[in-house]
Amino acid sequence: MNILITGGAGYIGSHLAKQLLELTSNKITILDNLSTGSKKTLDTLASIREFNFIKLDLKEFDDVFNVLDSNKFDVIVHFAASIVVPESVENPLKYYMNNTVNTTNLIKCATQTGVKKFIFSSTAAVYGEPKDMPTSGINEDFLTSPINPYGMSKLMSERVLQDASKATDNFKYVIFRYFNVAGADIHYENDDLKPRIGQSFPKATHLIKIASECAVGKREKMAIFGNDFDTPDSTGVRDYIHVDDLASAHINAIEYLDNNESDIFNLGYGKGFSVKEVIDTMKTVTKKDFVVDIAPRRAGDPAILIADNSKYKQKFAYKKAPLFNYDNIELICKSTYEWENQLN
Ligand code: UD1
């Protein structure tokens, strides 16, 4: 198979690229503008096995068409996007251009050049701020009601993809709505966990990355955003999924579309950890202490976001192998820390 990964130099895309290079003999092409993705990551991937790299911004429509037309990809896995929620509120047009407009063009080029499968990274942000979280978590039929341009730019792209697929013969999709992705490459050297790739984005906003920066001493302290939520310990609860499990789901999806119809799946483990629990876990697994202040709630942060992942588990049960290998908050924190440590 001939597979294109957009955003393959970025955090999640590089973990999929790693697995495809290590575990399969597919021909892999990474397309990335390197705005947030890293050259070092590409070098690490190249040490696994050869792949094509094309430095290109998806806004270059003619060039994108030419790349797709000359390569005749079977599959596109589309990660390239802007992903910082507060930035999307300040600069919504950047998000509608980079995410919705560029994705629409990519889909158009895909349908025109015979691509058969399109795997799209979407987000739990499409569900917005759920008022009544079902105890079983949020399923794919839950009302979509994004509260920021980031979530809306992804929801609009989902719709474009669904409509294009309906109107195009032999063009199927899987849309994954990610909950909180965290962790780094599970790779051991002499029994020591030594991630080769991870999240390199310099201005961290995500909880586990920030806690790991405190643990390695890059950051003096951090804050818990709100301790007055209606949750067991009064801090926000999220469903953290290891990036390697998330990446594997994309490989499963490519195979799934051989015998199944297009669909949407939530990706999370279906269980929540509070901000306090995550910070305590980071301190315990790294044996490092750091200062944690209490700060006001961050605008737009729901109290609890947990995936109902039963649809993914049920539809992929035929694989008869574990769908999740790293459902372990300690390992998520430890791998993030070890990655951060070697970035120093
Ligand atoms: C965010 C986005 C979400 C996106 C996801 C992945 C928002 C509202 N949500 O999820 O749409 O899909 O990233 O890109 O921006 N926290 C602290 N202190 C910190 C950092 C975070 O207490 O220094 C808390 C947050 O308030 C939250 C939890 O930790 O309760 C997780 O936050 P974060 O890692 O930023 O992810 P989300 O906001 O859940």
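Counting starts at 1 for both ligands and their atoms, in listed order.
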Side-chain ion pair, E338 and K334, N-O less than 4.0 Å: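 Salt bridge flag = yes for K334 with E338.
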
R298, R238, K221, M222: member with heavy atom nearest to atom 32 (O) of ligand 1: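 Comparing heavy atoms across R298, R238, K221, M222, the nearest one to atom 32 (O) of ligand 1 lies in R298.
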
For atom 22 (O) of ligand 1, the option (of F229, Y11, F225) bearing the nearest heavy atom: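 The nearest heavy atom belongs to F225.
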
Audit row: Y269, F324, ring pair (Phe, Tyr, Trp, His ring centres under 6.0 Å) steps and yes/no: CA-CA 8 Å; Y269 290 141; F324 300 127; 5.1 Å; yes

Give the atoms of ligand 1, by number and element, whose distance to some non-hydrogen atom of [X] is under 4.0 Å.
| X | value |
| --- | --- |
| I210 | 23 (O) |
| T205 | 20 (C), 35 (O) |
| Y240 | 28 (C), 31 (C) |
| D301 | 8 (C), 25 (C), 26 (O), 38 (O) |
| I224 | 22 (O) |

Nearest protein heavy atom with distance in Å, relative to [atom]:
| atom | answer |
| --- | --- |
| atom 2 (C) of ligand 1 | V85 CG2, 3.6 Å |
| atom 12 (O) of ligand 1 | T123 OG1, 2.8 Å |
| atom 11 (O) of ligand 1 | A125 CB, 3.1 Å |
| atom 18 (N) of ligand 1 | A223 O, 2.8 Å |
| atom 37 (P) of ligand 1 | N180 ND2, 3.4 Å |
| atom 24 (C) of ligand 1 | V275 CG2, 3.6 Å |
| atom 13 (O) of ligand 1 | H206 NE2, 3.0 Å |
| atom 34 (O) of ligand 1 | L207 N, 2.8 Å |

Greater than 12 external heavy atoms within 6.0 Å of K59's NZ: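 Counting other residues, nucleotides and ligands, NZ of K59 stays at 12 neighbours or fewer.
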
Whether N99 side chain and S82 backbone form a donor-acceptor pair below 3.5 Å: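 Checked: pair present.
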
Plane angle bin for F265 and Y312 - parallel if under 30°, tilted between 30 and 60°, otherwise perpendicular: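 Ring orientation of Y312 relative to F265: perpendicular.
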
H187, H15, K18 screened by side chain to side chain donor-acceptor pair (under 3.5 Å) with D244, the one that passes: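 Of H187, H15, K18, side chain to side chain donor-acceptor pair (under 3.5 Å) with D244 is met by K18 alone.
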
Distance (rounded to the nearest 0.5 Å) between I332 CD1 and Y326 OH: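 So the CD1 of I332 and the OH of Y326 are separated by 11.5 Å.
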
R196 and E22: CA distance, side-chain angles, deciding distance, salt bridge (Lys or Arg N to Asp or Glu O under 4.0 Å) verdict: CA-CA 13 Å; R196 298 158 296 178; E22 266 176 352; 3.0 Å; yes

Residue that, paired with H250, satisfies ring-ring contact (aromatic ring centres under 6.0 Å, His included) out of Y178, Y256, F120: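 Of Y178, Y256, F120, ring-ring contact (aromatic ring centres under 6.0 Å, His included) with H250 is met by Y178 alone.
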
Cation-pi check, R297 onto F229 ring (under 6.0 Å, within 45° of axis):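 Yes, R297 sits over the ring of F229.
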
